[in-house]
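Everything on this sheet refers to the single structure shown next.
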Amino acid sequence: MRHWFVLPIYVFALSLLFLTVVSAKEEPTQEMILDERMRLYLRFENVTVPWYYLAAVDQFERNIQQVRTDIPKNEGPVAIQFSDDYWTGPLNPDKKDTSPESIAYSDGNGLDGNEDGLANINDAEDVLYTMATYLSEYGQAEEDFKLALLDYYKREDTVKQIIAIAKLYKHFETLDLDEHAFPVPTNYNYSYRGTWGASRGWGGRRIHEGTDLFAGYGTPVRATSYGVIEIMGWNDFGGWRVGIRDTHNTYHYFAHLAYFNKDLKEGDIVEPKTIIGSVGSSGYGKAGTSGRFPPHLHYGMYKYNGRTEWAFDPYPSLRIWERQDKQK
């Protein structure tokens, strides 16, 4: 009788274990996803192509897939996608060809990265190996990497974005760079509201591409993300301003500053809460013009999709980052 009593409990426990395993497979955590990507990058890096080059190309393609409707989203661990012609060869009659021999014969580029005898365009290992091989052909210097990217993507802005991502991955030695911060310390006095699309008159009719945060003159201005300083200087509209590019093809724009952090320069790497300057009222004139409006920070966000870059409303993101900072 004891066995009949224990059996249902045993079966129930096995069922729970099965459901747990299935659930874990269906919904991997962000940490698990990043660990899998890193495993693949490290497997296919080489002396010429370090892991952060592969990771940067992969992340760039993942970024553009999220904002473009003309290219499919790759839901696997690797987002890099090759065209059928590039993979199998432009004259190959079989665009689904997976034979390394016939692909090579047809001047295709698809390779067998996991030695299973197939060059599968849908296999993450084959795709990464193919990209690593392509990049290796150019050499190991950063200038060689830039040339390889330019020959492949045909766009200087794409090269700039991928180089920024690679630089951040190399510096921080991790893929987990998604933390953000509110642009001013939340213990200071400040105010803001959604002003996206409001009309602006100085310099011609235009709309407001950002959010204004009003604060006292000299209030610290902080980086909102991990990023590379792309621009630091004067703009007739924005005054003293800083532009920072992150790993998600997003450009963060800080304008009307009173002054910069003197320890920073273009090309430097920052992280969330790095002080980049202070709130001021500069702009609307030649270099040094100030005081034409109350001191405030103009904060803008721009997204690059591999073709063009456009502004989008930063207000929803600011609300989230403000709440997160206040909870810490």
Side-chain angles (χ1 to χ4, degrees), residues 23-46 49-67 73-81 124-125 127-128 131-132 135 142 145 149 158 160-183 185-186 222-230 243-252 264 267-276 301-306 312 314 316-328:
S23 176
K25 288 183 177 179
E26 290 179 348
E27 298 181 6
T29 64
Q30 182 67 7
E31 182 179 3
M32 293 168 61
I33 292 172
L34 296 182
D35 284 347
E36 173 64 8
R37 289 178 192 165
M38 181 63 85
R39 182 190 69 79
L40 289 168
Y41 302 148
L42 291 174
R43 178 177 176 182
F44 291 102
E45 73 169 350
N46 55 54
V49 184
W51 71 266
Y52 46 85
Y53 280 1
L54 292 174
V57 173
D58 187 41
Q59 183 61 34
F60 169 78
E61 297 222 2
R62 184 172 294 105
N63 292 339
I64 65 175
Q65 288 168 25
Q66 292 172 353
V67 294
K73 288 185 180 180
N74 192 331
E75 302 295 347
V78 172
I80 296 171
Q81 299 185 60
E125 294 178 328
V127 167
L128 265 186
M131 178 55 73
L135 296 173
E142 182 176 295
F145 180 50
L149 296 175
T158 293
K160 178 176 63 178
Q161 177 64 65
I162 294 176
I163 289 296
I165 299 173
K167 190 172 183 178
L168 290 166
Y169 284 160
K170 178 183 180 181
H171 180 83
F172 291 105
E173 299 183 334
T174 181
L175 302 174
D176 189 9
L177 300 177
D178 291 340
E179 179 185 351
H180 290 88
F182 196 63
T186 55
R222 314 183 302 179
T224 51
S225 67
Y226 292 94
V228 177
I229 297 178
E230 188 171 293
I244 298 173
R245 192 165 297 277
D246 71 11
T247 60
H248 292 281
N249 293 20
T250 303
Y251 178 75
H252 304 254
L264 296 177
D268 281 356
I269 289 172
V270 296
E271 55 187 88
K273 297 185 180 181
T274 298
I275 302 298
I276 60 174
M301 298 176 74
Y302 298 77
K303 182 68 71 173
Y304 178 62
N305 69 358
F312 64 97
S317 296
L318 289 171
R319 295 286 289 176
I320 293 172
W321 302 338
E322 179 186 35
R323 182 170 65 252
Q324 291 173 341
D325 278 7
K326 287 183 175 181
Q327 291 173 346
K328 293 178 181 179

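We count residues from 1, following the sequence as given.
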Of the options Asp35, Leu34, Ile33, which is the one that meets Glu31 in a side-chain contact (heavy atoms from CB on, under 4.5 Å)? Asp35
Say you draw a straight line from OG1 of Thr158 to CG of Leu149; how long is it, rounded to the nearest 0.5 Å? 9.0 Å
Which atom names give the shortest non-hydrogen contact between Leu318 and Pro183, and what distance separates them? CD2-CD, 3.5 Å
Do you know which two heavy atoms are closest between Val270 and Ala223, and how far apart they sit? CG2-CB, 3.8 Å
Just by distance, with hydrogens left out, do Gln59 and Arg62 show a side-chain donor and acceptor under 3.5 Å apart? yes
Measure the acute angle between the ring planes of Phe145 and Tyr53, then classify it against the limits of 30° and 60° as parallel, tilted or perpendicular. parallel
Give the minimum heavy-atom separation between Ala132 and Val49, together with the two atoms involved. O-CG2, 3.6 Å
So which heavy atom on Arg222 is nearest to which on Ala181, and how close? NH2-CB, 4.3 Å
Among Thr247, Leu177, Thr174, Ile244, whose side-chain contact (heavy atoms from CB on, under 4.5 Å) with Tyr226 holds? Leu177
Heavy-atom closest contact (Ile80 atom, Glu61 atom, distance): CA-OE1, 3.4 Å
Please list all pairs passing the salt bridge (Lys or Arg N to Asp or Glu O under 4.0 Å) test where one or both residues lie in residues 165-180, with sequence neighbours left out. Glu179-Lys328
For Ala56 against Ala166, the heavy-atom pair lying closest together: CB-N, 3.5 Å
Parallel, tilted or perpendicular for Phe60 and Tyr304, by the 30°/60° rule? tilted
Over 60° means perpendicular and under 30° means parallel, so tell me whether Tyr41 and Trp51 are parallel, tilted or perpendicular. parallel
Using 0.5 Å steps for rounding, measure from the CG atom of Asp246 to the CG atom of Asn63. 8.0 Å
